[in-house]
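Quick notes on the structure that follows.
Letters go in sequence order (proteins before strands), and every chain restarts at 1.
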Amino acid sequence: MATGTTGTGAPAGVTPARRSGGAGGAIGAGRGRRDRPNRYPDNRWAAILLAVPFAGLVIFYLWPLVRTVLLSLSEGTAFTGYSVTGFDNWQRVLDGGEVWGALVNTLVYAAIVLLGVPIAMVLAALLHQRELRGRSFYRTLYFVPVVTMPVAVAMVWRYIYNGDFGLLNEVLDAVGGPTRAWVADPDTALYAVAVVGIWMALGTNLIILAAGLEAVPESLEEAATLDGAGPVRRFFSVTVPLLTPSIFLVSVLSVIGSLQMFDLLFIMLGRTNPALADSKTIVYLFYEEAFVRNDRPLGAVIALITLVVTLAVTAVQFRLQRRWVTYA
Amino acid sequence: MKSTKTLIGIAAAAAALTLAACGDNGAGTSSGGDGEEVDLTFATFSPDQEPAIREILDVFEEQNPGVTVEIQIIPWTDYWSTLQTSTAGGTGPDVAWMLGAKIGQYIDGGVLLPLDDAFEESGLNIEKYPEQLVDLFVDDDTTYALPKDFDTIGLWYNKALFDEAGVAYPTPDWTWDDVIAAAQALTKPDGSVYGIGAPLDPQATYYNTIYQAGGEVISADGTTSGYDSPEAIAGIQFWTDMINKYDVSPTLESFADTESVAQFMSGRLAMLTTGSFYAIRFANDEYSSANFDVTELPGGVEEATIINGIGNVALASTEHPEEAARLAVFLSGAEASQISSETGTVIGSYEGTQQAFVDAFPQFNLQAFLDQAENGVVLPVSRNTDAWASRESEFLTPAWTGEQTVEEAAGNLAGAMNEALAQENQD
Amino acid sequence: MPEQRSRRRHVVTHVVLMAGALLMVSPFLWQFLTSLKTLGESTRVPPTVLPEAVRWENYSAFFDVVPVGSMAVNSVLALVLRVVGQLLVASLAAYVFARLRFRFRGPLLACFLVVLMVPPQLFVIPQYEVIRTMGWLNSVQALALPGMFSAFGVFVLYQFMRTLPAELDEAARIDGANPWQIYLRVILPLCRPALAALTILTSLFSWNDLLWPLIVNTIPDRMTLPVGLATLQGAQGTDYPVLMAGSLLTILPMVLVFVLLQKQFIRGIAMSGLKA
């Protein structure tokens with residue numbers, strides 16, 4: 001999950017996992033009442049209290065979204081203005097190969113970054129041992145990348161990946177590993193960026209999973225120990241199943257963040273990189289159309305495709321969740 | 001409980017303050033009536049040139065009492081999108097830097113002020129500017145900008161590496177073959193030094209050789225691509241051969257990792273063709289200043305160097321059209337030109353001010369850039385240059401990496417470019 | 001016997017954790033070492049680990065290129081305004097959605113949540129137009145405004161408020177309190193941990209934000225630190241030592257705050273990810 005670097009702040013979020021819960025506690029309580037009638041007793045207060053937040057949402061988020069939809073159906077330039085003409089832009093994008101390639105790259109990236117979740121799980125489990133010394137020390141170190149600026153760390157990583165004098169090649173050379181121009185080689189660039197993606201998100205994933213672990217009742221683990229289960233088996237048969245809600249959440253956050261990945265790629269690859277054609281993500285493509293080629297309408301189409309894909313992938317995740325996530 | 005209340009109190013106070021502050025700011029630039037204060041904003045993308053620009057603006061403010069100018073620096077990566085967005089909405093800067101490759105869209109959009117009257121009033125002589133550059137900013141006999149400076153491309157070289165390899169320094173008489181021969185002699189087999197840098201950089205490398213070979217990037221009437229001509233292919237091949245045939249340049253991957261100028265400055269390249277605009281950076285770097293020098297580009301079938309310049313435009317949305325136009329002209333005038341040259345920042349465009357640039361860094365033979373200007377070919381542009389120029393690197397990359405022949409890659413690029421030009425001319 | 005085994009296991013654990021931690025921080029170590037080298041040293045093959053002579057001048061280069069002082073002030077002001085605004089706005093909206101019963105609750109909540117799925121770059125141009133229309137370009141409020149209304153805060157606080165027992169509101173209502181009073185006196189005080197979490201996350205977003213400040217505030221005195229860093233990159237090209245020095249300076253304040261407020265940070269992240 002790349003932390004957002006734009007004004008909108010939040011990189012990601014999820015719809016509430018417990019959808020069937022509806023209005024949560026409030027409605028549940030209401031249903032229980034004997035004298036029924038008013039299903040909406042708070043209409044007026046809701047309107048008053050929601051006025052400012054909703055106005056802000058409309059002005060800064062919903063209106064831009066509407067504009068984007070209109071723009072995607074328009075033709076024109078920034079100077080001449082735009083007029084709605086129909087679905088030509090959509091056709092141009094969907095017929096062209098670029099968007100599909102970018103989509104594949106984005107999904108590949110998201111899949112690789114998802115590998116960070118099991119890594120974080122192992123680390124979280126190791127850190128969970130209460131008698132272990134220096135737990136907070138480790139947690140601090142693992143967490144530092146989360147609080148740093150993506151732009152700044154991307155610059156550092158680009159330098160480390162340098163094919164001519166980068167630190168990585170030097171280390172690999174010393175141990176007899178392969179060396180190459182990691183972010184300029186079409187075969188490795190996307191993976192190299194994804195490693196940074198994992199690195200940046202590891203702290204967040206670790207913390208969320210650790211919080212989930214705290215919630216696992218110790219008595220269960222102890223019971224398993226008495227049954228003679230070793231630490232590894234205990235981890236898989238007791239801890240992991242109880243941790244599935246946290247794992248699910250971390251996965252959803254990670255995927256949404258990955259689907260919106262832009263800044264790492266932008267800084268680490270640069271504009272004249274031979275690997276760029278094979279590594280562009282969908283948001284990068286949006287940037288290129290909207291801001292480099294100045295084709296805002298086409299950019300709008302790509303942005304909306306990103307939205308649709310994000311919604312679809314998240315929906316699939318929620319659907320699959322029933323198969324493997326157990327809520328206590 | 002208590003602390004939460006305090007928190008909310010603070011929050012409410014802050015919100016109230018913000019709103020109050022906003023009210024003040026809203027007015028922004030006061031509409032200056034007669035003899036009143038006039039605030040202008042001037043947008044540029046170069047932090048390097050800021051000191052020189054400030055100096056120029058101080059002179060302007062002195063000559064125009066009551067006018068103050070604020071500089072906006074927008075980083076290059078966002079300059080054009082920001083300028084376009086703000087200008088289209090009518091709230092852009094009053095005066096801004098402009099390039100020949102970009103001005104077409106602004107003229108078509110009708111967002112620029114004609115500068116003819118202000119130019120006449122200034123008493124400057126149009127003959128004293130490089131003609132090709134003046135033409136870049138003229139449309140329908142109306143002048144929208146004047147070139148404030150110009151740059152040409154030269155052959156920079158690292159004397160220390162030449163001495164070490166026992167190769168004679170390049171001279172203005174060198175041909176393409178001389179460059180290849182020297183590059184071969186300068187390249188070290190262990191990969192620590194390459195003879196020359198061959199990055200995929202239109203202005204610094206292959207545009208020059210395309211014109212030297214007698215080709216062109218775009219036809220004179222701006223309707224067709226010249227990339228598929230044998231001359232253009234030869235001009236591109238010159239560079240791809242450096243990598244794929246002679247092994248005297250680092251690969252494209254290497255330039256993606258570390259830009260060519262940085263490699264040159266770290267002593268990894270013995271030669272690099274690039275612009276006069278790097279003189280100031282080289283002079284400020286100890287190693288480069290001591291070891292670098294420059295001469296004219298080698299000749300192909302013809303002599304040619306790409307010449308380019310930045311213009312200053314006044315935006316039609318300004319509240320003070322008269323002052324804005326006067327500022328735009330002043331920024332490209334004789335005094336501004338002199339200051340730019342003296343600081344070694346760029347070559348001032350106004351005749352008679354260029355010697356100051358040559359003198360600014362005596363360690364380099366900067367005269368070479370001026371001598372070449374007569375063979376200058378203006379950086380090729382069309383009405384919507386970005387539509388095809390943004391695809392160049394994408395299509396030429398396979399030629400640089402050796403996956404495609406130059407014929408193939410250039411042919412594909414010509415196809416895409418012709419398509420973009422057809423679209424442009426149909427609008 | 002089991003004690004011994006557990007100790008041995010700890011050794012393995014430490015080795016694994018240490019190796020991982022080293023991987024996590026080595027980029028920063030390399031950044032620091034590079035920031036003290038000369039350009040020539042930084043591009044040497046093979047790389048040298050320690051600088052030959054310590055060059056602190058690389059740090060002053062950042063100050064030469066951009067007005068670091070006023071940028072730091074802008075970054076802080078924007079952060080404070082955005083955090084305060086976001087806390088107010090998000091807590092109000094979250095309260096309404098989590099605790100009140102009213103018409104169109106579902107669709108309105110969906111409006112907030114769908115925004116989280118949109119790539120943030122999409123909003124930038126229309127938001128810019130709004131700020132411009134208000135005449136607020138190059139101001140602190142321009143930096144903070146869109147972020148104040150971010151749906152992310154609503155999401156985090158909504159998740160938290162839903163977990164509070166419904167009896168709280170009911171008891172207060174019986175005492176004659178209206179929803180505003182309940183929000184202020186009952187719910188908000190209980191949300192302190194969630195508000196702290198949101199404060200931390202919003203601060204992070206605000207401090208690290210690049211694209212938005214880059215677009216709305218273009219006068220050097222009104223820029224934020226990340227924009228200054230981008231400017232530095234534009235001005236110094238690939239002068240690695242100077243770039244590393246500048247980027248280190250820019251990330252340092254947040255890292256220091258993190259080290260000081262570690263517990264709150266970690267709770268903040270955990271909170272935003274608490275299961276629904």
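C:F112 touches chain A through backbone and side chain together, each having a heavy atom under 4.5 Å away. Contact of C:S206 with chain A is not made at all, since no heavy-atom distance falls under 4.5 Å. Looking at C:V255, both its backbone and its side chain come within 4.5 Å of chain A, counting heavy atoms on both sides. Interface remark: C:M161 contributes no atoms to any contact with chain A (heavy atom separation under 4.5 Å). Both the backbone and the side chain of C:V89 come within contact range of chain A, with heavy atoms under 4.5 Å apart. Both the backbone and the side chain of A:Y142 come within contact range of chain C, with heavy atoms under 4.5 Å apart. For a residue to count as touching a neighbouring chain, one of its non-hydrogen atoms must lie under 4.5 Å from one of that chain's; by this rule C:V216 does not touch chain A. Only the side chain of C:I131 comes within less than 4.5 Å of a heavy atom in chain A; its backbone stays farther off.
Taking 4.5 Å as the limit, some side-chain heavy atom of A:Y138 sits within range of a side-chain heavy atom of C:M18. In this structure, the side chains of A:F165 and C:Y240 come closer than 4.5 Å at one or more pairs of heavy atoms.
Per-residue heavy-atom pair counts under 4.5 Å with chain C were compared for A:I160, A:L141, A:T140, A:V122, and the maximum is reached by A:T140. Contact count versus chain C (heavy atoms, under 4.5 Å) is highest, among A:L49, A:T310, A:L123, for A:L49.
Between C:F123 and A:Y61, a ring centre-to-centre spacing shorter than 6.0 Å is recorded. Between C:F28 and A:W199, the distance from one ring center to the other falls under 6.0 angstrom.
Contacts classified as salt bridge (charged side-chain N to carboxylate O under 4.0 Å, His left out) and involving residues 42-58 of chain A (residues at least two apart or in different chains) are given here: A:D42-C:R173.
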